[in-house]
Every structure is written in structure tokens, then in C-alpha cells.
2 protein chains.
Amino acid sequence: MSDQYSEQAKIFKALCDEKRLRILELLRSGEKCACVLVEILGMPQSSLAYHMKVLCDSGIVDCRQEGKWTHYRISRDGSRHAETLLRSVTTPVQALGSEDTFTCTKQC
Amino acid sequence: MSDQYSEQAKIFKALCDEKRLRILELLRSGEKCACVLVEILGMPQSSLAYHMKVLCDSGIVDCRQEGKWTHYRISRDGSRHAETLLRSVTTPVQALGSEDTFTCTKQC
DNA sequence: ATAATATATCGAAAAATATCGATTTGAGGG
DNA sequence: CCCTCAAATCGATATTTTTCGATATATTAT
């Protein structure tokens with residue numbers, strides 16, 4: 001029940017940090033290796049790893065292991081899922097649940 | 001420059017909290033008064049006010065004053081803007097900036 | 001004016017996230 | 001097997017966000 005919301009929140013949390021938005025911008029031009037991201041962003045390796053974990057856990061970014069290197073790229077499916085989710089949480093519905101017929105004790 | 005990211009982050013931050021996702025779900029069925037939301041959610045008035053401020057500041061929710069009551073509803077424009085933003089931050093581009101031709105000192 | 005009511009704001013404390021050096025893990029190379 | 005290097009994880013700390021009672025503001029009714 002409330003797990004539904006935390007699952008949804010996880011996806012948007014991935015997008016709500018400035019550093020991660022910067023990382024996504026870099027990934028828009030194509031797959032990047034962690035070491036490249038660290039150099040471009042001038043960020044400690046452990047900090048980058050933290051943000052990449054958040055992005056990957058959300059499904060928006062995919063990672064690919066190649067020997068000792070890890071390559072990251074934007075996931076088409078994950079992005080589409082996020083977009084669909086955003087639309088669904090902001091799209092009006094006609095259907096009425098019990099809460100929609102809720103009558104306030106005040107006059108509003 | 002980095003203000004661009006914080007502006008974008010603000011919009012996604014509005015969506016990354018479970019309580020706010022619940023509030024949005026309630027607003028999907030139509031405009032609601034603050035007092036109704038407080039009653040349905042069983043949340044202290046000041047807590048609701050905080051979340052409504054975050055939602056309104058992001059542009060995703062609009063508020064309408066009517067006497068002593070405040071009515072909230074999902075903003076069509078704000079939602080569309082958020083959706084467009086999400087798509088833009090996750091859509092690949094061909095164009096190359098200087099960072100895209102970055103050559104790593106390693107062999108990756 | 002005074003009182004009552006709805007909501008916004010304040011402020012302090014709690015909870016969640018982010019930061020980053022140190023350590024561990026895991027994949028080659030010699 | 002040992003060494004090196006890339007990346008993940010740990011752990012302690014810093015920062016940000018959330019919570020919520022108390023107070024302020026604003027509107028309406030008496």
C-alpha cells in the first residue's frame with residue numbers, strides 16, 4: 001500500500017539531486033565509464049559510486065561491466081517508465097473512490 | 001549554470017516524497033480544500049501546509065484562495081512542464097560538447 | 001472591535017540523504 | 001600467487017529535508 005508510494009518515490013528521488021542531473025546530462029551523449037565521469041565531474045570516486053547506485057536502483061540508468069571497468073548509460077525502458085509514472089501521478093481521473101465523496105465538516 | 005540543475009531538481013523533489021505522491025493521488029480526482037486533505041490524511045495542519053508549499057513551488061500544483069479556505073489542484077501546465085523536463089533529461093543527444101570528446105587517461 | 005476559524009510561517013528537533021576517506025572486492029597482468 | 005587498478009561498500013560526519021507544536025496572519029461572523 002504505502003510501498004507503492006515508496007517505489008514511485010525512489011524513481012523521482014533519482015532525479016531530484018543536482019549532481020545526478022549533471023551525470024544524466026553527460027550520459028545523454030552516450031555510455032560513459034565511471035572513471036571518465038569522476039574526471040569530468042571532479043568528484044571523489046566514492047561519491048560518484050553513491051550517485052550511480054541511486055540512478056541504477058531507480059532503473060533510469062543501466063550499467064555494464066567490462067573487465068574492471070563499469071560503463072553507465074541511460075536506460076530507455078527505465079526512462080519511459082519514469083515518464084509514464086510522472087504522467088500517471090499528475091493526470092486527472094473521473095473515477096470516484098470513497099475519499100472523493102468525502103464531505104468536510106466545514107463549509108468549504 | 002548550476003542554478004539550472006537546482007531549478008530542475010526542485011520539480012522532481014516535489015514528486016520524491018511518499019506523502020506528496022499520496023496528496024497528488026487525492027488531487028487527481030479534482031480540486032481539494034486544505035481542511036479536507038488534513039482530515040483524509042490524518043496529518044497535522046502544519047505538516048500538510050509544508051508539503052503543499054513544496055508542491056506549489058514546483059508548479060505542479062496550483063492553489064486558489066477562497067475566503068479563508070485554500071483549494072489545491074493539479075496544474076496542467078506544471079505537469080506538462082515536468083513531463084517535458086523528465087523526457088529531456090533522459091533523451092539521448094547526438095550533439096557533442098567538449099566533454100563528450102573527453103579522452104580518459106585509462107584504457108576504458 | 002472581538003471572537004472564531006483556516007492556513008501560513010517559525011523554530012527546534014528528528015529523520016533521511018549526501019559526502020568522502022578508508023577499506024574491501026574483484027578482475028587482470030606479471 | 002602477488003601486485004595493481006577500478007569500483008563498490010563501509011562508517012563517521014555534514015547537510016538537507018521533514019515533522020509538528022506554537023504563533024502569526026487573514027478572513028468572516030457577531
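Naming: A, B, ... by sequence-line order, numbering from 1 per chain.
Ionic pairing of A:Glu25 and A:Arg22 is present here: one or more N-O contacts between side-chain nitrogen and carboxylate oxygen are shorter than 4.0 angstrom. Contact check on B:Arg80 versus B:Glu83 returns no salt bridge, with no Lys/Arg side-chain nitrogen under 4.0 Å from an Asp/Glu carboxylate oxygen.
One finds no side-chain N or O of B:Ser46 lying less than 4.0 angstrom from the OP1 or OP2 phosphate oxygen of D:dG21. Contact annotation: A:His51 side-chain N/O to C:dT17 OP1/OP2 distance is not under 4.0 Å. Look at B:Lys53 and you won't find any side-chain N or O under 4.0 angstrom from OP1 or OP2 of C:dA8. Residue B:Tyr50 has no polar side-chain atom (N or O) positioned under 4.0 Å from OP1 or OP2 of C:dG11. In this model, the phosphate group of C:dA16 is not approached by any side-chain N or O of A:Lys13 to a distance below 4.0 Å at OP1 or OP2. Put simply, B:Ser47 has no side-chain N or O that comes within less than 4.0 Å of OP1 or OP2 on D:dT18. In this structure, A:Lys68 does not reach the D:dT4 phosphate: none of its side-chain N or O atoms is under 4.0 Å from OP1 or OP2.
Nearest nucleotide to the side chain of B:Asp17, out of C:dC20, C:dT7, D:dT18: D:dT18. Among the nucleotides C:dC20, C:dT9, D:dG21, the one closest to the side chain of B:Ala49 is C:dT9.
In this entry the distance linking CD of A:Glu39 with C1' of D:dA7 reads 15 Å, nearest Å. For B:Arg64 and D:dT27, the CZ to P distance is 15 Å, given to the nearest whole Å. In this entry the distance linking CG of A:Leu48 with P of D:dA6 reads 14 Å, nearest Å. One interatomic measurement links the two molecules: CE of A:Met52 to C1' of C:dT19, which rounds to 17 Å at whole-angstrom precision. Put simply, CG on A:Leu15 is 16 Å from C1' on C:dT17, counting in whole angstrom units. Atom CD in B:Glu66 sits roughly 14 Å away from atom C1' in C:dT7 (whole-Å rounding). If you measure from atom CH2 of A:Trp69 to atom C1' of D:dA8, you get 17 Å, rounded to the nearest angstrom. One atom, CG of B:Asp57, and another, P of D:dT17, lie 13 Å apart when rounded to the nearest Å.
Atom-to-atom distance recorded for B:Met43:CE and B:Lys19:NZ is 5.0 Å, nearest 0.5 angstrom. The line from NE2 of B:His51 to SG of B:Cys56 is 13.0 Å long, rounded to the nearest 0.5 Å. We find the NZ-CG distance between B:Lys13 and B:Asp17 to be 12.5 Å, quoted to the nearest 0.5 Å.
Note on the helix from C:dA1-D:dT30 to C:dG30-D:dC1: angle between the axes of the first and last five pairs equals 20°, rounded to 10 degrees.
With contacts defined as side-chain heavy-atom distances shorter than 4.5 Å, the pair B:Val61/B:Leu24 qualifies. Counting heavy atoms from C-beta on, the side chains of B:Arg73 and B:Leu27 never come closer than 4.5 Å. Considering only heavy atoms from C-beta on, A:Ile23 stays 4.5 Å or farther from A:Tyr72 through its side chain.
In terms of polar N and O atoms assigned as donor or acceptor, the side chain of B:Gln45 comes within less than 3.5 Å of the base of C:dA8 in a complementary pairing.
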